[in-house]
Amino acid sequence: MKNKLFIYFIVVHFVIILLLQSYLIISIEIGEDKRIPILSFFKENIYNKQPLNYYSQFSGINTGYGFYGINVATNKYFIIETYKKNKLIKKENLVHFKTKNGYSRFSTICSWIYNFNVETKELETKLKNKKDKDILKNEKEIVQVIKVRKMYIEKLYKYIGKNTIKTKDYDKYIVKLITVVPPKSFDEVKDKNNVYVIQEYEFKK
Amino acid sequence: MNLKNKIFSYFYNISNNKPDYLMFFRVSIALIAIFDILSMKSDFIYFFSKDKNIIPQELLYIFSEYNGLLNPMYKYLTNNNLLDSFYAYTVIIYFISLLFLMIGLCTKVSAFVSIVLQLIIFKSIALLNFGYDHFLTMSLFYCLIFPVGSVNSVDNLIRKNKIEIKINYNKIIRIHLILVYFFAGLAKIIASSYWNGEAIWRSVSTIYNDMFRLPAIFFIMSGIATVILETFYPFLINYTKTSKITFYAIISMHVLIGLLMELPFFAAIMIVWNITAYYKYIFNEK
């Protein structure tokens, strides 16, 4: 009897994973705003509600498997530039970690910040276009949300810069989020990778 | 045979072989989690501490789906002056529960404590999470619901009545792997960047290496091979003539991911899942 119940539980477990993954893959392709028959209903009315939501968090199944799928991003990095009287004193990477795994772990924040900024830009675009009914209904709140999101990112940059700089003799610092530029074609002759600044913030000491 | 009977007969263990894959899964997952913590021991204080964080703790989870659970927890700890003890002992208790899991002592309890603490610790640094963390949670969850402590464990030495294993638990991992690779493959097959090599270039090129100098054929063939292997994995792994080679191809793919993308723990956990699912290919068991 116990084994039979376990099999029933496992079947339900996999049905949840199947429905969630199907929803995620289709919504990435057609857009998260579009409704998918059955799958959107499942996501909004069953998966996002308790207790299924707690179960998915506890079991770890609350993740998509399409990472490194559509729109693979380039690797991203922070560069912190320290200035005194507008003269560059030092240029350095992230906080001086003692372990490789520690550095790798913290570096994941670069991609997270990039994706968060992309979502904020999408909200701004929707607000500008004035086509989405939900956005128009809650325009004032959305404006506040965008403001808070931008302040949050600026705070992250400030903490990263402040905790990386070792020298005390500076008057300002700039934190830059950079990425490598993919080649337009593999025929391009390259001596080194081109880098591109995605975002930067300047802070006074 | 109707569908219900087909499902039951697929999972039920008929051969009654000693399922050593349960011990392998339990020990490997615990070891990976232990090594992960140990390998960043001296830096962990910058992510998870009261006042030595690079970024304040609340900013690391405020935009995650776990904020609703973590925020009240941290408020309670702060209001009751328990924050110092929390940071002092949480990682130590997590480490001990993983050790107990590894040796199979109070296995169910140690698996439960491991999941809870893994979620508390690593979701408190949600901004610093990647796919490996979700797979570790899933692995610890499977350690909780599978009888991993019933084979070659301290619990087994203490227990008078041995647990009879009647379900092929490795087939559960097989099905999960099919879902993982199929959907990962689908996401890649519709992306043009996997067919022209750009996706692989983007994944492996950094400002610290010279991978961008590799010939174009490497990026293109790697992308196409990844798409084919993952999308057609459900068919390739279940067809007798291609099953073994698919198993070794997937293992090789994860070894390369670990080396080229510097994700050794992610690669290790996926290799453990694959070996657990197809234990027979490594250990010649049925």
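Chain letters run A, B, ... following the sequence lines, proteins first and then strands; every chain starts at 1.
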Any side-chain donor near an acceptor of the partner, B:Gln57 and B:Asn53, under 3.5 Å: yes

Most contacts with chain B, counted as non-hydrogen pairs under 4.5 angstrom, among A:Lys158, A:Gln57, A:Gln21: A:Gln57

So which part of B:Phe183 gets closer than 4.5 Å to some heavy atom of chain A, the side chain, the backbone, both or neither? both

Under 4.5 Å heavy-atom distance to chain A, tell me which part of B:Ile145 shows up: side chain, backbone, both or neither. both

Toward chain A, the part of B:Phe265 with a non-hydrogen atom under 4.5 Å: side chain

What pairs of donor and acceptor atoms, side-chain ones from residues 115-122 of chain B against any protein atom, are under 3.5 angstrom apart with sequence neighbours left out?
{"unit_1": "B:Gln118", "atom_1": "OE1", "unit_2": "B:Thr137", "atom_2": "OG1", "d": "2.7"}
{"unit_1": "B:Gln118", "atom_1": "NE2", "unit_2": "B:Asp133", "atom_2": "O", "d": "3.2"}
{"unit_1": "B:Gln118", "atom_1": "NE2", "unit_2": "B:Thr137", "atom_2": "OG1", "d": "3.4"}

Looking at side-chain heavy atoms only, is the closest gap between A:Gln144 and A:Glu141 below 4.5 Å? no

Heavy-atom pair count under 4.5 Å with chain B, highest-scoring of A:Asn101, A:Ile178, A:Ile7, A:Ile61: A:Asn101

Pair A:Arg149-A:Thr120, side-chain donor/acceptor within less than 3.5 Å: yes

Please state whether the side chain, the backbone, both or neither of A:Leu18 comes within less than 4.5 Å of a heavy atom of chain B. both

Given a strict heavy-atom distance threshold of 4.5 Å, which part of B:Phe112 is in contact with chain A: side chain, backbone, both, or neither? side chain

With ring centroids as reference points, do A:Tyr8 and B:Phe8 lie under 6.0 angstrom apart? yes

Proximal component of A:Lys162, with respect to chain B [non-hydrogen, under 4.5 Å]: neither

Positive for ring-ring contact (aromatic ring centres under 6.0 Å, His included) with A:Tyr157, one of A:Tyr173, A:Phe203, A:Phe78, A:Tyr152: A:Phe78

Does the B:Lys108 side chain pair with the main chain of B:Leu144, one donor and one acceptor, at a distance under 3.5 Å? yes

Under 3.5 Å, is there a donor-acceptor pair linking the side chains of A:Asn62 and A:Ser56? no

Is it the side chain or the backbone of A:Phe6 that comes within 4.5 Å of chain B heavy atoms, both, or neither? side chain

Tell me, for B:Leu69 versus chain A, whether the close heavy atoms (under 4.5 Å) come from the side chain, the backbone, both or neither. side chain

B:Leu127 versus A:Phe106: any side-chain heavy-atom pair under 4.5 Å? no

May I ask you to decide if B:Tyr10's main-chain N or O and B:Lys171's side chain share a donor-acceptor pair within less than 3.5 Å? yes

Counting heavy-atom pairs closer than 4.5 Å to chain A, which one of B:Glu262, B:Lys41, B:Lys123, B:Glu65 comes out on top? B:Glu65

Intermediate values then yes/no, ring-ring contact (aromatic ring centres under 6.0 Å, His included), B:His254 and B:Phe266: CA-CA 8 Å; B:His254 286 300; B:Phe266 200 177; 7.4 Å; no

Under 4.5 Å, heavy atom to heavy atom, which residues of residues 222-233 of chain B contact chain A? none

For B:Phe141 and A:Phe58, take the angle between the two ring planes, folded into 0 to 90°, and tell me which bin it lands in: parallel under 30, tilted 30 to 60, perpendicular over 60. perpendicular

Could you verify whether a donor N or O on one side chain and an acceptor N or O on the other, from B:Asn170 and B:Thr276, lie under 3.5 Å apart? no

Under 4.5 Å from any heavy atom of chain A, what part of B:Tyr181 do you find: side chain, backbone, both or neither? neither

Which residues satisfy the salt bridge (charged side-chain N to carboxylate O under 4.0 Å, His left out) test with B:Arg174, sequence neighbours excluded? none

Backbone N or O of B:Asn67 within a donor-acceptor pair of the B:Asn71 side chain at under 3.5 Å? no

What residues of residues 107-117 of chain A sit under 4.5 Å from chain B when only non-hydrogen atoms are counted? A:Thr108, A:Ile109, A:Trp112, A:Phe116

Residue B:Tyr132 versus chain A: region with a heavy atom under 4.5 Å: side chain

Which atom of B:Ile32 lies closest to which atom of B:Val272, heavy atoms considered: CD1-CG2, 3.7 Å

